[in-house]
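Just so it is clear, the values below take in all heavy atoms, side chains as well, and ignore hydrogens, waters and symmetry mates. One-based numbering, in listed order, for ligands and for the atoms of each. When a residue number appears, it is its place in the shown sequence, counting from 1.
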Amino acid sequence: MGFTTSRMLQTSALLVSLLTATGALAHAHLKNQSPAADSQATESPRQLTLTFSEGVEANFSGLTLTGPAQAKITTGSASVNAKDNTQLVVPLEQPLAPGNYTVDWHVVSVDGHKTKGQYHFSVK
Ligand SMILES: [Cu+2]
């Protein structure tokens, strides 16, 4: 009986670690973005495009854009590309003044997991 119990515990510990590893792989990580992180755009972008490793849910995903002097920039609402649900698109309603910008993004991937992060770009 002791043998069976410890064997069962081992098996469930293995299952838990396997499930955990699979869950971590399924999270939406930011793969690339436009304007690119740490890049300098020569003219104001019309939109911000963020591409993730997994599909994301538009209703629970978005970003805040902070500009020069910590000013919060009003953007259009985030949407997911109808042809590619790994792409989150945020239109800009007015041209960005020259300076440094910070993007704080948060997404919920199609598997229901939340991820978030931050990157910077600048406009010349
Ligand atoms: Cu996940």
Requested in this report: Apply side chain to side chain contact (heavy atoms under 4.5 Å, CB included) to Lys116 and Asp104, showing your working.
Outcome: CA-CA 7 Å; Lys116 61 180 180 172; Asp104 286 286; over 6 Å; no
Query raised in the report: In the hydrophobic cluster built from side-chain contacts under 4.5 Å, what are the other members alongside Val89?
Result: none
Query raised in the report: Is the Phe121 ring parallel, tilted or perpendicular to the Tyr119 ring (thresholds 30°, 60°)?
Result: tilted
Report task. Name whichever N, O or S atom of Asp111 ends up nearest to the Cu ion (ligand 1). Result -> OD2
Requested in this report: Kindly state each residue pair satisfying ring-ring contact (aromatic ring centres under 6.0 Å, His included) with at least one member in residues 74-100, sequence neighbours excluded.
Outcome: none
Query raised in the report: Of all the atoms in Glu54, is at least one N, O or S atom closer to the Cu ion (ligand 1) than 2.8 Å?
Result: no
Query raised in the report: Hey, which N, O or S atom on His113 ends up closest to the Cu ion (ligand 1)?
Result: ND1
